[in-house]
K.L.:
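One structure, pasted below without further comment.
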Amino acid sequence: MEQGISLSQIAQGELEEKFQMALAKVLQNLTDVNTEFKKKRSINIALDFAINEQRTDVFCNIRVNTKLSPSLPAKTNMGLFKDLKTGRITIEEYGSRLRGQTKLPDETTIVDVINS
């Protein structure tokens with residue numbers, strides 16, 4: 001049986017280059033703490049072959065795709081407050097603390113939603 005072609009030889013090495021880039025993306029995604037660790041990642045290599053009517057030339061399209069774990073959403077908690085005297089509505093992020101828990105003034109960010 002004849003020796004086959006090496007993947008590094010296909011398209012003057014472009015298939016191997018695309019694979020290496022896809023592998024780098026997968027490895028980066030695997031080590032990203034903002035992704036779910038249980039999700040499987042994958043690399044798909046597709047070679048689509050078509051031949052001309054005379055069956056003398058074969059055309060090959062090469063695709064390398066990755067399936068990665070999406071980034072996890074950032075989460076926080078915010079309190080919505082309305083001043084009954086002025087009608088001013090504000091929102092304040094309190095994150096993982098309990099609502100109404102005191103924090104230092106330099107950390108406080110209050111945003112006016114509606115100022116009547």
Side-chain angles (χ1 to χ4, degrees):
M1 184 168 197
E2 280 190 41
Q3 180 73 358
I5 187 169
S6 169
L7 294 180
S8 64
Q9 295 173 322
I10 295 177
Q12 294 81 42
E14 191 172 346
L15 174 56
E16 183 176 8
E17 183 181 323
K18 287 179 180 290
F19 171 76
Q20 292 296 335
M21 291 185 332
L23 181 60
K25 287 180 185 178
V26 168
L27 295 176
Q28 176 64 36
N29 189 259
L30 285 167
T31 59
D32 185 349
V33 297
N34 294 312
T35 61
E36 188 175 332
F37 74 95
K38 292 181 182 180
K39 297 277 185 182
K40 292 182 180 179
R41 283 73 163 179
S42 62
I43 299 173
N44 298 307
I45 298 173
L47 304 173
D48 297 322
F49 298 95
I51 194 163
N52 66 355
E53 190 174 343
Q54 294 77 27
R55 297 182 186 267
T56 56
D57 290 319
V58 177
F59 307 98
C60 181
N61 287 322
I62 300 166
R63 289 186 320 277
V64 178
N65 298 313
T66 58
K67 181 179 176 189
L68 306 174
S69 179
S71 293
L72 297 172
K75 296 179 182 180
T76 191
N77 295 309
M78 297 182 183
L80 185 63
F81 307 95
K82 181 174 183 177
D83 185 323
L84 297 177
K85 292 180 183 176
T86 64
R88 179 179 176 218
I89 298 174
T90 59
I91 191 167
E92 180 181 357
E93 180 177 1
Y94 59 91
S96 61
R97 296 185 332 267
L98 298 175
R99 183 180 173 134
Q101 187 177 17
T102 305
K103 63 179 177 178
L104 298 175
D106 63 332
E107 296 178 12
T108 304
T109 302
I110 298 176
V111 178
D112 276 332
V113 178
I114 300 172
N115 195 357
S116 301

K.L.:
If you compare all heavy atoms of Ile89 against all heavy atoms of Lys82, which two are closest, and at what distance to 0.1 Å?
P.N.:
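Minimum heavy-atom separation between Ile89 and Lys82: CG1-CG, 3.9 Å.
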
K.L.:
Does atom CD (Glu53) have a neighbourhood of more than 12 heavy atoms from anything else shown, all under 6.0 Å?
P.N.:
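Incorrect, the count does not exceed 12.
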
K.L.:
Taking the side chain as every heavy atom from C-beta outward, state whether Phe19 and Ile45 have any pair of such atoms under 4.5 Å apart.
P.N.:
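Phe19 vs Ile45: side chains touch.
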
K.L.:
Just by modelled atom types, is the Glu17 backbone N or O under 3.5 Å from a matching donor or acceptor in the Gln20 side chain?
P.N.:
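Flag not set: sc Gln20 to bb Glu17 has no pair under 3.5 Å.
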
K.L.:
Does one hydrophobic cluster hold both Ile51 and Phe49, with members joined at side-chain heavy-atom distances below 4.5 Å?
P.N.:
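Per the 4.5 Å side-chain linkage, Ile51 and Phe49 are co-clustered.
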
K.L.:
Roughly how far, to the nearest 0.5 Å, is CZ of Phe59 from CG of Asn61?
P.N.:
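The distance works out to 10.5 Å.
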
K.L.:
Any side-chain to backbone donor/acceptor pair from Arg41 onto Asn29? Under 3.5 Å, distance only.
P.N.:
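At least one qualifying donor-acceptor pair exists.
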
K.L.:
Applying a strict under-4.5 Å side-chain criterion to I, L, V, M, F, W and Y, I'd like to know whether Ile5 and Val58 cluster together.
P.N.:
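As far as the 4.5 Å side-chain criterion goes, Val58 and Ile5 are connected within one cluster.
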
K.L.:
Keeping the roles fixed (side chain from Asn65, backbone from Asn44), state whether a donor-acceptor pair exists under 3.5 Å.
P.N.:
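Not confirmed, Asn65 side chain does not pair with Asn44 backbone.
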
K.L.:
For residues Thr76 and Glu93, is any side-chain donor paired with an opposing acceptor at under 3.5 Å?
P.N.:
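Side chains of Thr76 and Glu93: pair found under 3.5 Å.
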
K.L.:
Are the side chain of Asn52 and the backbone of Thr56 linked by a donor-acceptor contact shorter than 3.5 Å?
P.N.:
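Present.
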
K.L.:
Rounded to the nearest 0.5 Å, how far does NZ of Lys40 lie from CG of Leu68?
P.N.:
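The CG atom of Leu68 sits 15.5 Å away from the NZ atom of Lys40.
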
K.L.:
Hey, quick one: are Met21 and Val26 part of the same hydrophobic cluster, counting side-chain heavy atoms closer than 4.5 Å, chains of contacts allowed?
P.N.:
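In one cluster with Met21: Val26, no.
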
